[in-house]
Peer 1: 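Let me give you the structure first, and then I'll get to my questions.
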Amino acid sequence: MDKPFPYSEIVMDHFANPRNMGDMENPSAVGNVGNPACGDMMRLFLKIENGVIVDAKFKTFGCGAAIASSSMLTEMLKGKTLEEALKISNEEVVKALGGLPEAKIHCSVMAEEALKAAVNDYESKEE
Amino acid sequence: MDKPFPYSEIVMDHFANPRNMGDMENPSAVGNVGNPACGDMMRLFLKIENGVIVDAKFKTFGCGAAIASSSMLTEMLKGKTLEEALKISNEEVVKALGGLPEAKIHCSVMAEEALKAAVNDYESKEE
Amino acid sequence: MISIQRFFKTVQTEKFAYFDNINTTFPDPRVIRKINEVLSSRLGNPSSHIHSAGVAAGRIIDEAREKVSALIGASPENLIFTSGATESNNLAITGFLKANPDFGFITSNIEHFSVLNQVRSLRNDDIDISVLEVDRYGLVDPEMLEKALENNPSIVSLSIANPEIGTMQDIEKISDICHRHGSILHSDTTAAAGLIEIDVDKMGIDLLTLSAHNLYGPAGVGALYVNKNIKLASIFEGGNQESGVRPGTENVPGIAGMGEACDMIKNDLKSHEERLKNLRNNLWKSLEESVRFINFTGHPEKRLPGHVSFWVEHIEGESLLLLLSMNGIMASSGSACSSNLKAKDEDELMASHVLDAVGVPSDICSGSITLSAGRYNTEEDFNYVKSVLPGLVEKLLTMSPSYDDYTKNKETADG
Amino acid sequence: MISIQRFFKTVQTEKFAYFDNINTTFPDPRVIRKINEVLSSRLGNPSSHIHSAGVAAGRIIDEAREKVSALIGASPENLIFTSGATESNNLAITGFLKANPDFGFITSNIEHFSVLNQVRSLRNDDIDISVLEVDRYGLVDPEMLEKALENNPSIVSLSIANPEIGTMQDIEKISDICHRHGSILHSDTTAAAGLIEIDVDKMGIDLLTLSAHNLYGPAGVGALYVNKNIKLASIFEGGNQESGVRPGTENVPGIAGMGEACDMIKNDLKSHEERLKNLRNNLWKSLEESVRFINFTGHPEKRLPGHVSFWVEHIEGESLLLLLSMNGIMASSGSACSSNLKAKDEDELMASHVLDAVGVPSDICSGSITLSAGRYNTEEDFNYVKSVLPGLVEKLLTMSPSYDDYTKNKETADG
Ligand SMILES: Cc1ncc(COP(=O)(O)O)c(C=O)c1O
Ligand SMILES: Cc1ncc(COP(=O)(O)O)c(C=O)c1O
C-alpha cells in the first residue's frame with residue numbers, strides 16, 4: 001500500500017545536506033553518466049593516491065534520490081581501495097540510504113555507473 | 001428531482017385524521033373495489049335521500065394515499081346529487097388533496113371507481 | 001411539497017425512537033470530532049506527497065486503513081477505500097469479472113440491488129450467471145450452491161445478513177463450498193458489520209464490502225477488502241489512487257471518520273451484540289403476543305441482533321410506517337433504496353424482491369416493516385415500540401374492509 | 001517510512017505558503033461548520049422518506065443542490081451529486097456513450113487522466129475516437145475540432161482550464177462549433193470552478209464536472225450538471241438515487257459542505273479573481289527577471305488567475321519541489337495524480353502527458369513546477385515565493401554538471 005512520504009529520513013538528510021558536493025581541482029579521475037536531456041546527469045570526481053580513494057566529490061542534475069545517491073556514494077568511497085570500491089553495488093547504496101522508492105532505484109544504478117566510469121577513466125589514464 | 005417528503009400537507013392531514021371513516025348502518029349503497037391480495041381495498045357507503053348524498057363513509061385497506069383519497073372523496077360527496085357526484089373525477093380528488101406522487105395516482109382512481117361501484121349498486125337496487 | 005416543519009406538525013409525539021439503523025446510523029460523537037479535526041487541518045491532496053500538507057493527508061488515510069482493517073481481521077494493504085457499499089459491490093463483482101473474464105457469477109435473489117442489478121449489465125458480457133433462490137427463511141441452500149459451482153469457477157456474491165428480513169447465512173459453510181470449487185466469495189456486509197463480529201480469514205471471505213454510514217461513520221465512504229491473491233480491474237478511469245484500483249482523490253475526512261467508527265466498534269462489539277439480541281428476542285415475543293395477524297419474516301434465530309421484521313394481515317405497511325413515524329418511531333420497509341414511495345409510475349411500485357423471494361404473498365410485500373436497532377437504542381426505545389405498535393395496528397384494522405370481511409366470514413363459519 | 005514529524009525536522013522554516021490549490025483547497029470554515037452541524041443532526045437515510053429523519057436528510061441535499069447549481073447558472077433538477085470529479089468525468093463520457101452509442105468521442109491530449117484514460121476503455125466499444133493535439137500554449141485549434149466533428153456527432157470533452165499549465169480555452173467558441181455540428185460539449189471545470197465565473201448557458205456547456213475539494217469544500221464529493229435534453233446511463237448498478245443515474249446513498253454531509261462552499265464563492269468570486277490575476281502577473285514578472293533559465297508553460301494571458309507554471313533548464317523539477325517544500329512552499333508538478341514519485345517502476349515514471357503535448361523537451365517534463373494560489377493566499381505569500389525561489393534555483397545550479405557544461409561551452413564560444 002502507499003506510503004505517505006516516499007523518501008527515507010536518510011535520503012532527505014543527504015538531499016538537504018549533500019556531502020562532498022562540488023568541483024575538485026585536479027581530480028585523478030572523473031566519471032560522467034547520464035544526459036541532461038534525460039533529466040538525470042551525474043559527475044563523480046575521485047582523488048586517488050596509492051590505489052586508495054582519498055577524496056570523492058560529485059555534481060548531480062537530478063531528483064532527490066539522484067542527489068542523495070551521489071552524496072551517499074561519495075561517503076562510502078572515501079578511504080576505500082579501488083578494488084574495494086568496485087565491489088560497491090547499487091543495492092548497497094540503496095541500503096545505506098534506508099531504501100528508495102521502487103521507481104527511483106535507477107538513481108542508485110546511475111551512482112554505480114558513475115563510479116565505474118570514473119575507475120575506467122582512471123585506468124585509461126594510467127595506461 | 002426528488003422531493004424530500006412525497007405527500008402534501010392535505011394528504012397527511014386526511015391520513016392522520018380521516019373524515020367519515022367507519023361503517024354505516026343501512027346504507028343506501030355500497031361500493032367495493034380492490035382486493036386485499038393487491039394490498040388495496042376500498043369500501044364506500046352512501047346514504048342517499050331524494051337523489052342527494054346525505055352521508056358518505058368509507059373503510060380502506062391501503063397506503064397513506066389510498067386512505068387520504070377515500071377520506072377526501074367522502075367529504076366531496078356529501079350534499080351532492082348523484083348526477084353531480086358522478087362528475088367527480090380522480091383528477092379532482094388529486095387536486096383537492098394538493099397533489100399525489102405519480103406512483104400513487106392509482107389510489108385516486110380507486111376512489112373514483114368506488115364511487116362508480118356504489119352508484120351502480122344503488123341503481124341496481126332501485127331497479 | 002410538505003416542509004419538514006409541517007411534517008412535524010402532524011407528528012403527535014415528542015418521542016424519537018430511531019429503528020432504521022439498517023438504512024443509516026447516526027455518526028458517533030468521536031467520528032464527528034475526528035472529521036472536524038481533519039477538515040480543519042489544512043491538508044494537501046494525498047497524492048501531493050512532495051510536501052508536508054500532502055504527506056499529512058496520506059498519513060491520515062493510512063491510520064484509518066489500519067483501523068478499518070482491524071475490525072475485519074484484514075491486513076491494511078488489502079483494503080481499498082470507495083465512496084460506499086454500492087461502489088464497493090460494483091468494484092468487487094464487475095471489477096473482478098473484468099480482470100477474470102473466465103469466471104461465472106453466482107448470487108442469490110435476496111441481495112441488494114447494487115449486487116443483483118449487476119446481473120443486468122453483465123448479461124451482455126457472455127458471463128455464466130446463476131441467481132440462487134433462497135428458502136422461506138431467506139437461507140441459501142448449500143446444495144444448490146454446490147450444484148451451481150459444478151461447471152465453472154465463479155465469483156459468488158452472498159451477503160452475511162439481509163437488511164430487510166435480518167437473516168444471516170452460514171457464511172463459513174458457503175465459503176468452504178466456494179473454495180472447494182476453486183471459486184471465490186464476495187460478501188456484502190453492509191447490514192452485518194458493526195453488529196456482529198467479522199473476520200475475513202475465519203469466515204473465508206475473499207472480497208468484503210463495508211459501508212461507513214451503516215456503522216456509525218459518515219455517508220459517502222465505504223471500503224472493499226481484497227484478498228491479496230485476487231486481481232481486480234477498476235470500474236472507472238483516472239489516476240493511480242488506492243493501488244490503481246480506485247481512481248479519484250480520496251475522501252480524506254470521510255475515511256478518517258470511518259476509521260474512528262471501526263476502532264470504536266471493535267472495543268465493545270460483543271457487549272452490544274448480546275444486549276441487542278436480548279432486546280430483540282424480547283420485542284419479538286411481545287409483538288407475537290400483542291399484535292394480531294402478525295407474520296414475522298426471516299429466520300427466527302439466525303438473524304441480526306436488534307432486527308425484527310414482519311407484516312400484518314389486513315393492513316397495509318406504508319400506512320403503519322406513517323403512523324409509526326407520526327408517533328416518533330422511525331422504521332422502514334427494509335432497504336430504503338427499494339422504498340417505492342417515489343417511484344415514477346405504478347409499474348415501478350413493485351413488491352420487494354426480497355419478500356417475494358421468501359414467499360410473502362406478492363402484494364403484501366409492500367406491507368412489510370423492518371425495525372432495526374443499533375448501539376444507541378435503549379431498552380426504553382424497545383418498550384416504547386411495544387407499547388405503541390399494537391394500538392396502531394388495531395387502529396388500521398378498524399379501518400380495514402378486509403378485516404371486516406374476515407370477521408364476518410369467521411362468524412359465519414363459527415356460527 | 002519517514003514520519004511526518006521527521007519530515008518536518010528537515011523543513012528549515014516556520015513559513016507555510018500553500019501554492020498547491022490546484023490539487024486541493026482547504027475547506028472554508030463555513031463549510032466545516034455546516035458539515036459538523038449535519039453530522040450532528042441525527043439524520044436518516046435520504047431514501048427513508050417515510051420518516052422525518054429521512055425527510056430532513058433529503059431536504060439538506062435539496063438545499064445544497066440549489067446552491068451548487070446557482071454557482072454555474074444551472075437549474076437544480078439538472079444536477080447530479082457524485083463522489084468527485086473523477087466519477088463525474090466517467091459518468092459524463094462513458095455514461096453518455098452507453099446511452100448514445102451512435103456518438104463519437106473527441107477530447108484533447110492535455111485532459112486529466114479521468115477523461116483521457118477513458119479512450120482506453122472505450123476503444124473496445126466501436127466508438128469513433130479523436131484526441132486533438134493542442135498548440136504550444138495548450139490551446140485547442142478550432143479548425144481541428146471542426147474537422148474532427150465532420151463525420152459524426154460526438155461528445156466533445158474539453159476542460160475550461162488545465163491544472164498543470166493553467167491555460168484556459170475559448171470555451172464559448174468551442175461550444176458553438178460543437179452545437180453547429182449536432183454534438184455536445186462536456187467540460188471538466190475542476191481546475192477552473194471557484195476561480196472564474198462559470199455559466200452553463202452562456203458558455204453552452206451540456207455536461208459539466210465540478211469537484212468540491214477544489215473549491216473550498218470537502219473531498220469525496222463532486223457534481224455533474226446534465227442538460228435536461230441529455231440522456232445518461234449510470235456507470236454502476238444499485239438503487240434509484242440521483243434520478244437513477246447515480247446509485248448509492250448520498251454523501252449528505254459532503255454534499256451539504258459543497259453547497260456552502262459554492263454559496264460562499266458566489267458572493268465574492270469576482271474580487272478574488274481580480275486580486276489573484278494581479279498577484280499572478282506580478283509573480284510572473286518577478287520570476288522572469290530573477291530566475292535564470294526559466295521557461296514558462298501555458299498561455300501567458302489566457303490562464304487561470306493565481307496560476308504560474310514553468311520549468312528551469314539545467315535543474316530537475318522534483319529537487320526544486322523538495323527544496324520549496326523544505327522552505328514551507330507547497331507546490332506541485334501540476335496534477336497530483338500524475339505525480340510519479342510513487343510509480344511502481346521506472347516505466348511508469350513517464351513524462352507528464354500535458355507538458356509533452358505542449359512541446360516541452362520530453363525529459364524535462366518531470367521537471368515542471370506549478371504554483372497555484374487560491375482565495376486564502378495573501379500578497380505576503382507571493383512575496384515570500386519571490387524572495388526564496390531564485391536562491392533555490394541557484395543552489396541547484398551550483399550542483400548541476402549540466403550547468404557547468406553550459407558555462408564552459410559558453411566561455412569557449414564567447415572566448
Ligand atoms: C482537471 C482535473 N480533473 C479531474 C480531477 C480528478 O479529481 P478528483 O481526484 O477529485 O476525482 C483532477 C484532480 O486533480 C483535475 O485536476
Ligand atoms: C445490504 C446493502 N448493501 C448495499 C447497500 C448500498 O449501500 P450505499 O447506499 O451506502 O451505497 C445497502 C443500502 O441500504 C444495503 O442495505
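Quick note on labels: first sequence line is chain A, next is B, and so on, each numbered from 1.
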Peer 1: Report yes if some heavy atom in the side chain of C:N45 is under 4.5 Å from a heavy atom in the side chain of D:H213; otherwise report no.
Peer 2: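 Yes, at least one pair of side-chain atoms sits under 4.5 Å.
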Peer 1: Is a side-chain N or O of D:N117 found less than 3.5 angstrom from the main chain of C:E237, in a donor-acceptor match?
Peer 2: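 Here the side-chain-to-backbone pair does not exist.
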Peer 1: Using non-hydrogen atoms and a 4.5 Å limit, figure out which bit of C:L43 sits close to chain D: side chain, backbone, both or neither.
Peer 2: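 Only the backbone of C:L43 comes within 4.5 Å of chain D.
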Peer 1: Using 0.5 Å steps for rounding, measure from the CZ atom of D:F26 to the OG atom of C:S41.
Peer 2: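 The OG atom of C:S41 is 10.0 Å from CZ of D:F26, to the nearest 0.5 Å.
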Peer 1: Need one label for C:N251: side chain, backbone, both or neither, based on atoms under 4.5 Å from any heavy atom in chain D.
Peer 2: both
Peer 1: Side chain, backbone, both or neither: which part of C:A331 has a heavy atom under 4.5 Å from chain D?
Peer 2: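 The backbone, not the side chain.
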Peer 1: Identify the two heavy atoms, one from C:P218 and one from D:L39, that lie closest to each other, and give their separation to 0.1 Å.
Peer 2: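 Nearest pair, atom of C:P218 first, then D:L39: CB-CD2, 4.2 Å.
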Peer 1: Please report the interatomic distance CD1(D:I35) to CG(C:N36), rounded to the nearest 0.5 Å.
Peer 2: 9.0 Å
Peer 1: Does any N or O in the side chain of C:T24 come within less than 3.5 Å of the main-chain N or O of D:G44, such that one atom is a donor and the other an acceptor?
Peer 2: no
Peer 1: How many angstroms lie between CZ in C:R246 and CD in D:E87, if you round to the nearest 0.5 Å?
Peer 2: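 Answer rounded to 0.5 Å: 6.5 Å.
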Peer 1: Do C:L322 and D:I50 have side chains that get closer than 4.5 Å, going by heavy atoms?
Peer 2: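 SC-SC contact between C:L322 and D:I50 confirmed.
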Peer 1: So what's closer than 4.5 Å to chain D heavy atoms on C:R33: side chain, backbone, both or neither?
Peer 2: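 For C:R33, there is no contact with chain D at all, as no heavy atom is under 4.5 Å.
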Peer 1: Measure the OG-CZ distance between D:S121 and C:F236 for me, rounded to the nearest 0.5 Å.
Peer 2: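 Those atoms lie 12.0 Å apart.
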Peer 1: Select, from D:S211, D:G84, D:G248, the one with the greatest count of heavy-atom pairs under 4.5 Å involving chain C.
Peer 2: D:G248
Peer 1: With a 4.5 angstrom heavy-atom cut-off, which part of C:I32 approaches chain D: side chain, backbone, both or neither?
Peer 2: both
Peer 1: For a quick test of reading the model, state the closest non-hydrogen atom pair linking C:S52 to D:S325 and the distance between them.
Peer 2: N-OG, 4.0 Å
Peer 1: Contact part of C:T94 toward chain D, heavy-atom cut-off under 4.5 Å: side chain, backbone, both or neither?
Peer 2: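 Nothing of C:T94, per the 4.5 Å heavy-atom cut-off to chain D.
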Peer 1: For C:A53 versus D:F16, what's the shortest heavy-atom pair and its separation?
Peer 2: CB-CZ, 4.4 Å
Peer 1: Any chance you could measure C:N214, atom CG, to D:T249, atom OG1, to the nearest 0.5 Å?
Peer 2: 7.0 Å
Peer 1: Heavy-atom distances under 4.5 Å only: say whether C:Y18 touches chain D with side chain, backbone, both or neither.
Peer 2: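 Answer is side chain: those atoms of C:Y18 sit under 4.5 Å from chain D.
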Peer 1: Among D:P247, D:A57, D:G222, D:A85, which has the most heavy-atom pairs under 4.5 Å with chain C?
Peer 2: D:P247
Peer 1: With no hydrogens and no angle check, is any side-chain donor or acceptor of D:S332 less than 3.5 Å from a backbone partner on C:S48?
Peer 2: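 Absent.
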